[in-house]
Structures are given as C-alpha cells and as structure tokens.
Amino acid sequence: MPNGEYLRYVALGDSQTEGLGDGDDTVGLRGFADRFAGHLAAVNPGLQYANLAVRGRLAGQVRAEQLGPALALRPDVATVVAGVNDMLRPRFDAEEVAGHLEEMFAALTAAGAHVVTVTFPDLGKVVPLARPVGARIADLNDRIRAAAARHGVTVAETARPAAVADPRMWTEDRLHASSLGHERIAAALAHAIGLPGSDDSWTHALPPRAAATGGSALAAELRWAAAFLGPWLGRRLRGRSSGDGRTAKRPALLPLDATPSDAS
C-alpha cells in the first residue's frame, strides 16, 4: 500500500505491544503500538487503531487468540511482535516460534495488510544474567528475517543499534522498554515503512552518562534479581502468567483519540 494510505492499523503481540513500561495500569498504558498509531495518524487523520495484545502471551497463543480477530478487522497495516516470552522458557524451540510468526505473516499479508515486525535485542547486553539466551535470540532473529522475506513483511531492525542496550531504554525490570524505548521502537517502525517525516534518529546514541561499576553494579544486579527475577520464576513454577484473566485493551478499531468505552 502506498505511503499515506493506511486507514486501519491492528497490533498483535504480548506485553511490549500492550505497552508495559510506558505508563501503568492506573493511568493507562501507551507503548510503541499506540505511538506508532500516532505516527500513522499524523499522515492519515482518519486512521482507526485496534490493539489485541495481551501481556504474557507466547507466540502460539498470539496466533491462536489474536490472528482471527485481527483478520476480521481487515487491517491495512498490522504489527506482529511476539517470541520473547518463549525465549525465556526452558523448552524453547526457535523453529516452532518462528512457525507461529510466519503463519501470522502469511495470513495477514494474504488478506492485503502491510505487515511490520521487529528483531529483538540481545537481552544479555541489558541483563547480564540473561547472557545464556543470546544464541536463542540470534537464531530467532534470523528466522524472523527469513520468514519476513518470504511474505513481503517489513522488518524494523531494532536489534542492531548499540543504543538499544542503554539502560535508559528499559524499565527497572529490564524486560520491557521504557517510555523512551517504546518511543524509539515506534520511530523504527515508521522509518522501516518509509512513513513521511520519519528518519534514522531512533538509532542514535543517547548522551553519555556514568555507568555503575564494581560493587554498585553487583548490588544493582542483586536488587534486580530479588525484585523481578524471583517473582517471574515464581509465576513460571506455579504455571501462571502475568496475563491471566486479561483481555485486549483495545479490541475494536477506533480513532486514535477514542477510548475502548466509546465502542460500547
């Protein structure tokens, strides 16, 4: 679809697409999908936007729960971002996860949508304890690129800029983008599809600042493990997810400035 003709945007995914890290459940979540919708609406004032993402979802769950509703909304443009929750589990199968993503790519592009996805940064550069999953991330990224090429899907290479490892791009849990991180992901998506007014400034490094070293760095890692890693592992052991009982925050296509209550 030529630039400037996107009228229906649907976002599929997990917590990043839902917007965790950019706002909260009290004031509301924004996130990269909301911000990308803003970029689209600046060029297409009549844009309508739906966000089907639910935190904690695995790639297979995103496909099973969100693909059908997304197709029913007949999007002109769709974002599909999932797989990180799979990578953090012991029994990770990159081929299976990429297969779920490719099924969504195929179905949405066949329905006429311009599909956009991302590659994932190496979490080991953000969370030292996550270094063992680096090979998993690289493998999945390669599979995402290959699947995207087969179906004409646009890939925003958010894995590559060195700036993605800057702690300011992440929340305290280091698994979700901060408001700044979400802003940059949205800018990357806009740049990837060549949206008028977009550029590569999302790749630029942030102003330098002193980094924690020695004992303070170790103390920060221990605090992170106690505050975030422990509870996350606890949910896994109990077979629970942060998304249990939750539904999509924006299941219907609405103008960007409308709220879900406006659809009732």
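Note that the numbering runs from 1 along the sequence shown for the chain. Scope of the values below: all heavy atoms of this structure, side chains included, with no hydrogens, waters or symmetry mates.
- Put simply, the side chain of W170 gets close to the backbone of V164: a donor and an acceptor are under 3.5 Å apart.
- Both F120 and V115 are members of a single hydrophobic cluster when ILVMFWY side chains are connected at heavy-atom separations under 4.5 Å.
- Here the CG atom belonging to L256 is positioned 7.0 Å from the CG atom belonging to D34, to the nearest 0.5 angstrom.
- Applying the side-chain hydrogen bond (donor to acceptor under 3.5 Å, both in side chains) test to D142 and every residue at least two apart in sequence or in another chain returns R145.
- Atoms OG1 and CD1, on T119 and I137 in that order, are 10.5 Å from each other to the nearest 0.5 Å.
- Counting only distance, with no hydrogens or angles, the side chain of N44 and the backbone of L40 share a donor-acceptor pair below 3.5 Å.
- Comment: D25 engages R55 in a salt bridge, judged by a side-chain N to carboxylate O separation of less than 4.0 angstrom.
- Atom CG of L52 and atom CZ of R250 lie 11.0 Å apart (nearest 0.5 Å).
- Remark: L101 CG to L140 CG distance equals 6.5 Å, nearest 0.5 Å.
- Proximity of a side-chain donor or acceptor of R57 to a complementary backbone N or O of V62 within less than 3.5 Å is not detected.
- Side chain of D93 to main chain of E96: a donor-acceptor pair is present (N/O by atom type, distance under 3.5 Å, no hydrogens or angles).
- Taking a cutoff of 4.0 Å between a charged side-chain nitrogen and a carboxylate oxygen, R150 and E102 qualify as a salt bridge.
- Remark: the backbone N or O of S178 is not paired with any side-chain donor or acceptor of T171 at under 3.5 angstrom.
- With hydrogens and angles disregarded, a donor-acceptor distance shorter than 3.5 Å links the side chain of K249 to the backbone of L29.
- Residues satisfying the ring pair (Phe, Tyr, Trp, His ring centres under 6.0 Å) test with F105, not counting sequence neighbours, are none.
- A side-chain hydrogen bond (donor to acceptor under 3.5 Å, both in side chains) with D22 holds for exactly one of H176, H182, Q16, R35; it is R35.
- Counting non-hydrogen atoms of neighbouring residues, nucleotides and ligands closer than 6.0 angstrom, the CZ atom of R168 exceeds 12 such neighbours.
- We find the CG-CD distance between L58 and E65 to be 9.5 Å, quoted to the nearest 0.5 Å.
- The OG atom of S15 lies 8.5 Å from the CG atom of L175; values are rounded to the nearest 0.5 Å.
- Paired with D76 under the rule side-chain hydrogen bond (donor to acceptor under 3.5 Å, both in side chains), one option of H114, Q48, R8 passes, and it is R8.
- Less than 6.0 angstrom separates the ring centroid of Y9 from the ring centroid of F36.
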